[in-house]
Student: 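Please read through the structure below; I'll follow up with questions.
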Amino acid sequence: MQKTYNPNEIEKHWYSHWQQKGFFRSIPDERPSYTIVIPPPNVTGVLHMGHMLNNTIQDVLVRRARMQGFNALWVPGTDHASIATEAKVVRMLREQGILKSSLTREQFLDKTWEWKEKYGGIIFEQLKKLGASCDWERTSFTMDPLYYKAVIRVFVDMYRKGHVYRGLRMVNWDCEAQTTVSNEEVIYNEDGEKSTLYHLRYKIQGTNDEWVTIATTRPETILADTAIAVHPDDERFKHLEGKFALVPFINRPIPIIFDTYVEREFGTGCLKVTPAHDINDYEIGQRHNLPVIDIINDNGTLNELCQMPQYVGKDRFEVRKLIVEELKAATHLVKTEELINKVGRSERTGSIIEPKLSLQWFLAMKKLCEPALEHVMNDDVRLIPEKYKNTYRHWMENVRDWCLSRQLWWGHQIPAYYYGTGDTDFVVAETPQEALELAQKATNNPTLTATDLKQDPDVLDTWASSWLWPIAVFDGFENYDMATQTMGSNNTELNYYYPTAVLVTAPEILFFWVARMVIAGYEYMDARPFKDVYLTGLVRDKLGRKMSKSLGNSPDPFDLIAKYGADGVRTGMLFSSPAGNDLMFDESLCEQGSKFSNKIWNALRLIKGWDITNEDNPNNQPVMAWFESKFNQMLANTEQLYSQYRLSEALTTVYSFIWDDFCSTYLEMIKPDYEQPIDRTTYEKTLFFFEQIMKVAHPFMPFLTEEVYHQLQNRTDNDCIMVSAYPKIGKIDPNAIDCGEALRDVLSKLREVRAKKNIKPRDPLPLFAKVANTATYQPIKSLLIKKGFLASFEYATDDIPNSAPFMVGTDTFYVALGDTMDIDAERERLQKDLAYQIGFKDSVNKKLSNEKFVANANAIVIEKERQKLADAETKIKLLEESLANLN
RNA sequence: GGGUUGUUAGCUCAGUUGGUUCAGAGCACUACCUUGACAGGGUAGGGGUCACUGGUUCGAGCCCAGUACAACUCACCA
């Protein structure tokens with residue numbers, strides 16, 4: 001065997017072995033199911049550190065469940081990410097000299113599918129490297145034919161139920177890309193941008209020289225003004241009530257209105273209201289029934305509604321310059337001031353976002369949210385960590401309607417078919433055929449043909465497909481009947497796997513995705529989509545910065561795997577991953593993980609090097625009994641931690657159990673002398689123990705543990721650790737534990753004495769024990785002699801002069817030193833200890849003599865304090881005796 | 001600006017419903033140790049006013065209030 005563990009070959013071998021044996025495959029059977037659906041990474045992506053963490057956690061959970069006897073299924077898949085993918089393909093085409101606008105929709109989609117086939121699978125290969133035990137035969141994609149149908153069906157269903165409507169909304173318009181962009185795609189420069197605030201005066205209608213002065217950064221939009229707003233409590237403008245102002249140049253009278261939105265301190269305290277071109281103004285307009293005048297075209301130029309022909313067709317920023325000059329000349333410009341404000345820019349093109357009113361498809365959220373809020377609040381769906389319940393509630397209670405339209409081609413084309421130009425001249429249907437029938441009925445025109453219908457060119461928001469994920473990956477909508485609103489009962493897969501066990505995802509998509517899946521779950525299945533939602537933290541770098549491509553501070557996960565092995569990286573990620581908190585990733589954690597692999601590997605080497613004898617060695621009995629109880633204790637601890645999703649702590653528990661208890665203590669104790677054989681009983685028990693701890697470690701380190709499992713014994717191909725039974729918690733014998741701990745403690749104290757007294761580790765020493773119960777020490781006596789390198793071990797009833805004493809619990813031990821004893825140093829040590837014990841006793845005494853403490857504290861606490869007092873008194877007595885003996 | 005959550009050793013974090021002298025773990029650090037599974041190892045150590053200020057309590061790292069700083073999130077001043 002190699003002296004160090006080399007993961008790369010071993011990992012490749014076992015992954016393909018597992019796959020070949022079909023161990024990842026799940027089909028419904030009589031066992032209980034344990035299902036996880038992967039949060040679909042977007043198809044454009046390569047795995048980043050966030051995915052690594054997320055998928056490691058899922059794999060740990062699913063592997064453990066599989067070993068525990070669940071029919072475990074982890075469904076992999078990707079979403080089509082309409083915005084990101086389309087942007088990527090557009091860029092690729094541009095580099096080839098092809099403009100999107102020169103292609104038909106079909107041609108563009110062909111190119112995109114081509115791209116998807118080529119690059120969309122990369123992420124799966126990466127997941128395999130990580131060890132992910134996904135059922136690859138179930139790989140799902142949000143644009144698969146059945147999935148596509150499901151998304152369309154749900155849209156139609158929601159429309160027929162009255163939840164989907166078409167409405168005017170202010171959207172973020174990218175004039176360059178000629179598309180709306182979502183709020184998330186609007187970026188603001190952190191420090192703001194330099195702007196000019198123009199103070200402009202408008203004449204009050206019907207007066208000669210009375211003016212009102214507003215302040216604006218967008219003077220070109222005055223031509224779309226429909227009101228001027230002031231704060232209702234602002235005394236300065238009380239007199240303007242009921243009056244009208246005249247828009248410069250075009251002299252449109254606009255009312256002075258009163259609205260608390262206006263900040264009195266800002267600018268002049270007067271706000272021009274332009275409902276068509278500002279989201280807040282739009283809302284004010286709604287409140288005051290103002291007309292909407294839209295003077296800006298989709299490409300950012302002004303249209304004839306501005307009523308100034310010289311500006312029509314010119315870009316809004318050019319018009320800004322021109323109109324400022326004209327305003328100045330016409331004495332409307334009172335003054336200008338510099339202003340730093342936040343300007344929204346498109347993430348994609350960098351151009352300034354134009355707020356724009358547009359007809360969009362919306363999903364009314366209020367009603368749909370009710371069950372989704374309730375079932376999270378009452379923990380039917382449990383959020384972990386719980387703190388997200390607050391955030392969740394806040395969002396659900398203030399939810400806005402969901403804009404479903406995206407002005408893109410890549411995605412699910414909205415199944416609305418227009419037969420006329422009127423706002424209501426459309427039908428919504430699952431297929432063009434059905435749409436035609438409906439349109440014929442609606443128009444009362446049976447001669448209407450398919451070519452008379454024009455399908456809405458927009459696609460649905462990507463979340464409008466991924467919110468169906470836990471249902472749609474099982475083809476859940478195939479049998480959905482819209483008329484009766486029932487899912488159909490003959491989908492065995494859906495019935496078996498839904499609801500899923502847990503969703504593991506990042507908190508930033510709690511609303512975009514998680515909340516919406518909960519909504520869809522209750523709407524269609526009348527059941528939660530998952531029992532638990534484990535929200536992982538963000539992966540940050542050492543400096544606490546979020547890892548991102550643009551910062552370049554994210555290591556390549558596959559360089560890491562090549563360097564430390566997948567097991568090393570998995571444990572490295574989890575070492576520093578407190579439940580739900582951010583993770584400060586440091587490569588050295590992976591190094592720690594790979595060292596751990598190596599430690600286990602070398603324990604294996606040790607055991608494999610032993611010869612076996614049939615001669616019995618009863619000395620090892622207490623060590624094995626101790627280990628067995630400790631193992632069960634550890635197992636109970638990890639179970640507890642798993643149930644709270646404290647995976648980092650579960651791993652740490654396993655880590656220190658293997659390193660400290662198994663390697664440093666157990667193996668050291670039972671290890672035969674150099675080139676000596678080991679007795680068969682101990683050997684076989686040790687193999688069993690090793691196997692057990694490998695099983696517990698398997699979810700964290702699947703590859704190494706599989707290799708060790710096969711190295712420990714000859715096994716058939718099908719006998720793999722990943723499908724073996726997870727250990728069950730057995731008996732914990734406190735006496736066995738005490739005995740083993742006593743052994744460990746005495747040996748440790750002996751080493752300490754040797755270190756302090758400068759005695760070589762293997763110089764034989766005589767040890768005397770003055771103990772309460774010799775039965776504790778009798779079984780471990782020979783091991784103490786052997787491992788403690790003792791010349792002798794004897795019980796004593798009195799202090800031993802010229803010795804170095806130490807205590808284990810309330811038992812005293814004396815290392816006889818003879819002449820080498822340093823009496824002064826010893827006295828000093830004892831006195832120090834005595835002072836500590838007296839201090840301790842005093843503090844306990846103080847507590848116990850405090851009437852209020854005795855009156856208020858509960859009985860168990862008081863009893864504990866009494867015990868402490870008694871222990872301290874015993875120790876003090878012993879220390880005093882020892883001191884007396886020194887003199 | 002609103003809401004939420006943090007602040008414990010040089011670093012990353014525990015501290016389970018206030019009760020051991022409670023101030024912990026891992027990493028890093030210091031000293032010593034190498035024919036023996038592993039120097040990617042072993043043994044023994046040093047290291048913290050629990051952000052700050054008050055309060056509640058017999059008792060506070062833990063509960064309450066305020067302050068400072070940080071992060072997340074929602075809305076963003078024309």
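Treat the numbers as computed from the prediction; the structure is a model and nothing was measured. Reminder, nothing fancy here: chain letters follow the sequence lines and each chain counts from 1.
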Student: Side chains of Tyr655(A) and Asp660(A): closer than 4.5 Å at any heavy-atom pair?
Tutor: no
Student: Strictly by Watson-Crick or wobble contacts shorter than 3.5 Å, is anything paired with rA78(B), and which nucleotide is it?
Tutor: none
Student: Is Ser748(A) near enough to rA44(B) that one of its side-chain N or O atoms lies under 4.0 angstrom from OP1 or OP2?
Tutor: yes
Student: First locate atom CE of Met669(A), then atom CG of Leu784(A), and finally report the distance between them rounded to the nearest 0.5 Å.
Tutor: 8.5 Å
Student: Write down the distance between CE (Met573(A)) and P (rC27(B)), rounded to a whole number of angstrom.
Tutor: 19 Å
Student: Tyr666(A) and Thr686(A): side chain to side chain donor-acceptor pair (under 3.5 Å), yes or no, with the steps?
Tutor: CA-CA 9 Å; Tyr666(A) 177 81; Thr686(A) 303; 2.8 Å; yes
Student: How many whole angstroms separate atom CD of Glu263(A) from atom C1' of rG1(B)?
Tutor: 9 Å
Student: Establish, with yes or no, whether the OP1 or OP2 oxygen of rG42(B) is under 4.0 angstrom from a side-chain nitrogen or oxygen of Lys599(A).
Tutor: yes
Student: To the nearest angstrom, how far is Leu574(A) atom CG from rU12(B) atom P?
Tutor: 18 Å
Student: Would you mind checking if Arg287(A) and Glu283(A) are paired as a salt bridge, meaning a charged N to carboxylate O distance below 4.0 Å?
Tutor: no
Student: Using Watson-Crick or G-U wobble geometry with both distances under 3.5 Å, which nucleotide pairs with rU20(B)?
Tutor: none
Student: Between Asp660(A) and Arg400(A), just flag the one whose closest nucleotide in RNA chain B comes earlier from the 5' side.
Tutor: Asp660(A)
Student: Would you mind telling me which of rG2(B), rG26(B), rG41(B) lies closest to the side-chain atoms of Gln592(A)?
Tutor: rG26(B)
Student: Please report the interatomic distance CH2(Trp395(A)) to SG(Cys369(A)), rounded to the nearest 0.5 Å.
Tutor: 5.5 Å
Student: Measure from the side-chain heavy atoms of Lys852(A) and tell me the nearest of rU21(B), rC58(B), rG40(B).
Tutor: rC58(B)
Student: Under 4.0 Å between a side-chain N/O of Trp659(A) and OP1 or OP2 of rG42(B), yes or no?
Tutor: yes
Student: Could you verify whether a donor N or O on one side chain and an acceptor N or O on the other, from Lys272(A) and Thr221(A), lie under 3.5 Å apart?
Tutor: yes
Student: Taking atom C1' of rG40(B) as reference, at what distance in whole Å does atom CG of Asn598(A) sit?
Tutor: 5 Å
Student: Whole-Å distance between rU5(B) P and Leu383(A) CG?
Tutor: 14 Å
Student: Would you please confirm or rule out a distance under 4.0 Å between OP1 or OP2 of rA39(B) and any side-chain N or O of Lys3(A)?
Tutor: yes
Student: Does rA51(B) have a Watson-Crick or wobble mate here (both distances under 3.5 Å), and if so which one?
Tutor: rU67(B)
Student: Taking the side chain of Glu752(A) as its heavy atoms from C-beta onward, which of rC58(B), rA44(B), rG36(B) lies nearest to it?
Tutor: rA44(B)
Student: If we take the C1' atom in both rG47(B) and rA28(B), what is their distance in whole Å?
Tutor: 11 Å
Student: What is the base-pairing partner of rG10(B), counting Watson-Crick and G-U wobble geometry with both distances under 3.5 Å?
Tutor: rC27(B)
Student: Please measure how far the P atom in rC64(B) lies from the corresponding atom in rG19(B), and state the result in whole Å.
Tutor: 15 Å
Student: When the C1' atoms of rU17(B) and rG40(B) are compared, how many Å lie between them, rounded to an integer?
Tutor: 42 Å
Student: Suppose you measure atom C1' in rG42(B) against the same atom in rU34(B); what distance do you get, rounded to whole Å?
Tutor: 10 Å
Student: Give the rounded distance in Å between these two atoms: CH2 of Trp610(A) and C1' of rC38(B).
Tutor: 14 Å
Student: Taking NZ, NE, NH1 and NH2 as the nitrogens, is one of them in Asp661(A) or Arg744(A) under 4.0 Å from a carboxylate oxygen of the other?
Tutor: yes
Student: Under the 3.5 Å rule, do the base of rA37(B) and the side chain of Glu668(A) count as making a donor-acceptor pair?
Tutor: yes
Student: For Leu647(A) and rC13(B), what is the distance between atoms CG and P respectively, to the nearest whole Å?
Tutor: 16 Å
Student: Across all strands, who's sitting opposite rC32(B) as a Watson-Crick or G-U wobble pair, both distances under 3.5 Å?
Tutor: rG42(B)
Student: Considering Watson-Crick and G-U wobble pairs with both distances under 3.5 Å, what does rG3(B) pair with?
Tutor: rC72(B)
Student: Please give the distance between the C1' atoms of rG6(B) and rA14(B) as a whole number of Å.
Tutor: 15 Å
Student: Taking the C1' atom of each, how far is rG61(B) from rC38(B), in whole Å?
Tutor: 39 Å
Student: With the threshold set at 4.0 Å, does a side-chain nitrogen-carboxylate oxygen contact exist between Arg218(A) and Glu354(A)?
Tutor: yes
Student: Looking only at side-chain atoms of Arg751(A), point me to the closest of rG41(B), rA37(B), rU43(B).
Tutor: rU43(B)
Student: So what does Thr217(A) hit on the nucleic acid, given a heavy-atom distance under 4.0 Å: a base, only sugar-phosphate, or nothing?
Tutor: sugar-phosphate
Student: Can you identify which nucleotide, out of rA78(B), rC38(B), rC76(B), has its nearest atom closest to the Asn280(A) side chain?
Tutor: rC76(B)
Student: Take atom NZ of Lys608(A) and atom C1' of rC38(B), then tell me their distance rounded to the nearest Å.
Tutor: 17 Å
Student: Between rA78(B), rG40(B), rA37(B), which one does the side chain of Val262(A) approach most closely?
Tutor: rA78(B)
Student: Measuring only the P atom in each nucleotide, how far is rC52(B) from rC11(B)? A whole number of Å is fine.
Tutor: 15 Å
Student: Can Thr682(A) and Asn620(A) be said to form a side chain to side chain donor-acceptor pair (under 3.5 Å), step by step?
Tutor: CA-CA 7 Å; Thr682(A) 305; Asn620(A) 291 336; 3.1 Å; yes
Student: Partner lookup for rU56(B), please. Criteria are Watson-Crick or G-U wobble with both distances under 3.5 angstrom; report none if nothing qualifies.
Tutor: none
Student: Of all the choices, rG15(B), rU20(B), rG19(B), which nucleotide is nearest to the side chain of Arg646(A) once you look at every atom?
Tutor: rG15(B)
Student: Within the pair Asn390(A) and rU5(B), is there a side-chain N or O less than 4.0 Å away from OP1 or OP2?
Tutor: yes
Student: Please measure how far the P atom in rC50(B) lies from the corresponding atom in rA9(B), and state the result in whole Å.
Tutor: 10 Å
Student: Choose from rG36(B), rG40(B), rA78(B) the nucleotide whose nearest atom is closest to any side-chain atom of Tyr674(A).
Tutor: rG36(B)
Student: Under 4.0 Å between a side-chain N/O of Asn602(A) and OP1 or OP2 of rG40(B), yes or no?
Tutor: no
Student: Glu649(A) side chain: which of rA14(B), rU73(B), rU21(B) is closest?
Tutor: rA14(B)
Student: Check whether any side-chain nitrogen or oxygen of Lys272(A) sits under 4.0 Å from OP1 or OP2 of rA78(B), and answer yes or no.
Tutor: no
Student: Nearest to the side chain of Tyr261(A) - rA78(B), rG26(B), rA37(B)?
Tutor: rA78(B)
